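Take a look at this one; I'll ask things after.
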Amino acid sequence: MLPAAAVAASPFVPGLADVPAMPGLEPVDAEPLVFDKPDGRIVQVVLSGMVPRGAVLAFYDQTLPQLGWSRAAEQRFVREGEGLRLDFVTGSGSSDRTTLRFTLTPR
């Protein structure tokens, strides 16, 4: 297990070694929720930061295809039998804070 400071410093989303963490977004929890199933993995992790929602969407729309993810729908990507969903969480306190939930599931 990594210390919280090491997790926050990682260039990738915790639990998703193939999904970059946008600069300015940090993990809300120290550990992601991860289940390994016979038909694939399920991962859920939440990042938050003082980054505009539009900038977050632009970052992932640009970077995920470079890593082999294909856009399936708005805020939805697929790759090699897995689906990645990006959901903005509301009610996170500050109106300037963006909170983003990543959910990876088998397709």
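Not measured: the values here are computed from a predicted model.
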(request) Would you give the length of the straight line joining atom CG of Leu47 to atom OG1 of Thr98, rounded to the nearest 0.5 angstrom? (result)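 Reported value, rounded in 0.5 Å steps: 11.5 Å.
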(request) For Gln62 and Pro65, work out which heavy atoms get closest and say how close. (result)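 Looking at all heavy atoms of both residues, the shortest contact is O-CD, 3.7 Å.
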(message) Show the nearest heavy-atom pair for residues Val28 and Ser48, with the distance to one decimal.
(response)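 Reported closest heavy-atom pair: CG2-CB, 3.6 Å.
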(request) Report yes if some heavy atom in the side chain of Pro27 is under 4.5 Å from a heavy atom in the side chain of Val13; otherwise report no. (result)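 Answer no - side chains too far apart.
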(message) Donor-acceptor pair, distance only, cut-off 3.5 Å: does the side chain of Arg79 make one with the backbone of Leu67?
(response)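 Checked: pair present.
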(message) Count I, L, V, M, F, W, Y as connected when their side-chain heavy atoms are under 4.5 Å apart, and connections chain through other members. Are Phe102 and Val78 then in the same cluster?
(response)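 Phe102 does not cluster with Val78.
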(message) Quick check: is Val34 connected to Ile42 through a chain of hydrophobic side chains (ILVMFWY, heavy atoms under 4.5 Å apart)?
(response)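 No, because Ile42 and Val34 fall into different hydrophobic clusters, even though each may have its own neighbours under 4.5 Å.
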(message) If I take atom CZ from residue Arg41 and atom CG from residue Leu104, how far apart are they, to the nearest 0.5 angstrom?
(response)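 CG of Leu104 is found 5.0 Å from CZ of Arg41.
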(message) I'd like to know if Leu57 and Leu25 are part of one continuous hydrophobic network [Ile/Leu/Val/Met/Phe/Trp/Tyr, side-chain heavy atoms within less than 4.5 Å].
(response)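 Same hydrophobic cluster.
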(message) Nearest 0.5 angstrom please: Leu16 CG to Gln44 CD, how far?
(response)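 With rounding to 0.5 Å, CG (Leu16) is 10.5 Å from CD (Gln44).
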(message) For the backbone of Val19 and the side chain of Tyr60, can you confirm whether one donor and one acceptor N or O come within less than 3.5 Å of each other?
(response)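 No.
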(message) Salt bridge check, Arg76 against Asp87: does any charged N sit closer than 4.0 Å to a carboxylate O?
(response)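 Arg76 and Asp87: salt-bridged.
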(message) Can you tell me how far apart CG (Asp61) and CD (Gln75) are? Round to the nearest 0.5 Å.
(response)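 The CD atom of Gln75 is 8.5 Å from CG of Asp61, to the nearest 0.5 Å.
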(message) Run Phe88 and Val56 through side chain to side chain contact (heavy atoms under 4.5 Å, CB included) and show every step you take.
(response) CA-CA 10 Å; Phe88 290 93; Val56 172; 4.0 Å; yes
(message) Would you compute the distance between atom CD of Glu82 and atom CG of Asp18 and round it to the nearest 0.5 angstrom?
(response)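 Here the rounded value is 7.0 Å.
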(request) Mind running side chain to side chain contact (heavy atoms under 4.5 Å, CB included) on Leu100 and Val51 for me, showing each step along the way? (result) CA-CA 11 Å; Leu100 183 64; Val51 180; over 6 Å; no
